[in-house]
A.B. asks: 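I'd like to ask you about the structure that follows.
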Amino acid sequence: MQDKKIRVRFAPSPTGPLHIGGVRTALYNYVFAKKHNGSFILRIEDTDQKRYVQGAEDYIKESLKWSGIQWDEGPDIGGNYSPYKQSERKEIYKKYLSELIQKGHAYYAFDTPEEVEEMRKKIESENSGNAQYDSVSRKYMCNSLTLSEEETKKRIESGQPYVVRALVPENIEIEVNDIIRGKMKVDSGTLDDKVLMKADGLPTYHLANVVDDYLMKISHVIRGEEWLPSTPLHVLLYKFFNWEEKMPQFAHLPLLYKPDGKGKLSKRDGERLGFPVFPLKWKDPKNGEILSGYRESGYFPEAFVNTLALLGWNPGTEKELFSMSELIDEFSLEKVNKAGAKFSPEKAKWFNHQYLINKSSEDVAKQITPVIKQKGHNIEFNKLIKIVELVKDRVNFVHEIWDQMSFFFEPPVEFDKKIVKKKWKEKTPEVLNNVINVIENIKPFDANSINNELESFMQKNEISPGLLMIGLRIAIVGEAKGPDIKEVMSLIGKDEVIKRIKFAIDNIP
Ligand code: GLU
């Protein structure tokens with residue numbers, strides 16, 4: 001069956017760097033669109049000029065690109081429903097706002113912010129109802145419902161500041177259908193008359209968002225749970241405009257929680273707990289504060305995306321590794337959980353490890369080459385691939401590899417004292433001295449022959465592996481770590497191995 005044209009949007013406000021929760025929202029929208037051969041739209045919701053942050057829009061775009069999330073329509077590439085930036089659509093909202101006022105679904109309100117605040121405090125202190133501008137309080141506040149038509153007109157013409165509010169009907173039930181959460185019913189009496197246009201003449205999020213979703217023919221609104229309380233108002237706006245048949249389906253995604261499950265994952269948690277909560281590094285243009293990012297911390301974008309994919313969605317199987325195209329195949333909104341998802345930095349590292357070990361050693365070797373050059377070393381590429389093969393399983397990040405392989409390039413000058421004390425026995429120097437002759441005659445100098453010759457040396461001389469092999473490891477690596485020592489020896493080469501053994505004998509007391 002042919003899908004009805006699926007059109008979804010990611011609609012961030014450029015008020016700062018994009019939180020990983022935002023990237024997850026974009027990702028779910030993207031894979032949902034691609035699964036249904038639909039379109040994924042990027043719309044910048046920048047009507048709140050006070051909260052606009054320089055650089056945030058570029059940051060959002062770069063984050064999505066790095067994550068492999070490409071939009072089909074958007075501010076930079078255009079599309080059939082341009083412009084895709086709300087600050088460039090002001091005239092459109094004006095038209096729709098007038099329609100609402102004309103139909104009696106919205107009204108002018110002249111109260112100053114102080115007066116609104118006073119009203120709220122009064123209700124709170126008297127405990128006399130909902131402390132909000134709603135069907136009760138609007139009856140005594142200063143607005144076009146309480147003023148005469150003439151007075152309203154006069155005030156507008158004289159330039160008195162005003163906002164436009166939605167006129168929420170009394171005593172009706174608003175039904176919200178959510179793909180993830182099911183059906184919800186909300187009593188209109190609990191809602192406030194939200195501002196639709198601010199005193200600066202710009203629409204608020206609620207108006208602009210609904211108008212744009214309608215005009216851009218959005219079929220599904222997939223967004224964070226924090227927008228669920230606004231949805232009844234949005235449903236109401238669709239009713240006001242008579243757009244009910246075109247109303248998108250809603251899906252509100254679960255929140256991301258802190259690793260301990262106590263509260264929402266916030267900007268501060270990353271720095272406090274030592275893991276990034278942003279896709280890319282961000283420098284606050286105002287105070288210079290730096291927030292760390294997944295990209296700069298050495299994560300592969302595929303691992304980052306995989307981590308996010310499973311925070312709130314479960315495939316219903318044990319499978320954990322998903323490429324983008326597998327996500328597109330297997331994702332469904334029905335399998336998104338209602339309950340919040342606990343973020344685990346350890347799991348994120350685990351994913352990176354999985355992607356690292358699944359990459360070809362050649363690929364990883366290419367990535368590590370600049371580090372090796374920077375350390376002043378040169379190595380034949382094929383040999384580097386073999387080294388990478390031996391050590392990549394021991395790390396989570398490419399940048400951790402150098403630590404695991406440095407001894408291939410730099411002979412130990414010091415020896416781990418603890419391990420020397422425990423494992424470098426009185427007999428070790430003599431045994432190592434004897435094995436030098438054996439090593440000199442191993443041909444070819446590969447792991448297999450090294451293994452055979454050392455085995456027969458140990459058998460003939462009744463030497464335990466605990467003595468010889470650990471002695472060799474201390475001499476060659478300098479400490480107890482590292483991959484199979486025969487493999488290490490073959491890659492380091494016969495001459496260098498012998499040199500290191502002699503150096504250790506002479507220098508370990
Ligand atoms: N501009 C809103 C935000 O910043 C969009 C919410 C929505 O998707 O409706 O998250």
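One is the number of the first residue; the rest follow in order along the sequence. Read the numbers this way: they start at 1 and go in the same order the structure lists the ligands and their atoms.
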A.B. asks: Look at the aromatic rings of Y107 and Y133 and report parallel, tilted or perpendicular, splitting at 30° and 60°.
C.D. replies: tilted
A.B. asks: Let me check something: any side-chain donor-acceptor pairs from residues 275-292 under 3.5 Å, sequence neighbours excluded? List them with distances.
C.D. replies:
from	atom 1	to	atom 2	distance (Å)
D284	OD1	K286	N	2.8
D284	OD1	N287	N	3.3
N287	OD1	E289	N	2.9
E289	OE2	R268	NH1	3.0

A.B. asks: For residues L311 and K342, report the shortest heavy-atom separation together with the two atoms involved.
C.D. replies: CD2-O, 3.5 Å
A.B. asks: Decide, yes or no, whether a salt bridge links K154 with E150 under the criterion of side-chain N to carboxylate O below 4.0 Å.
C.D. replies: no
A.B. asks: What short N/O contacts, under 3.5 Å, does ligand 1 make with the protein, listed by atom pair and distance?
C.D. replies:
from	atom 1	to	atom 2	distance (Å)
ligand 1	1 (N)	A11	O	2.8
ligand 1	1 (N)	S13	OG	3.0
ligand 1	1 (N)	E45	OE1	2.6
ligand 1	4 (O)	S13	N	3.4
ligand 1	4 (O)	S13	OG	3.1
ligand 1	8 (O)	R9	NH1	2.8
ligand 1	8 (O)	R9	NH2	3.4
ligand 1	9 (O)	R9	NH2	2.9
ligand 1	9 (O)	Y205	OH	2.8
ligand 1	9 (O)	N209	ND2	3.1
ligand 1	9 (O)	R223	NH1	2.9
ligand 1	10 (O)	W227	NE1	3.4

A.B. asks: Does the pair R181/E225 count as a salt bridge with the N-to-O cut at 4.0 Å?
C.D. replies: yes
A.B. asks: Would you please indicate if the ring centroids of H36 and F32 are separated by under 6.0 Å?
C.D. replies: yes
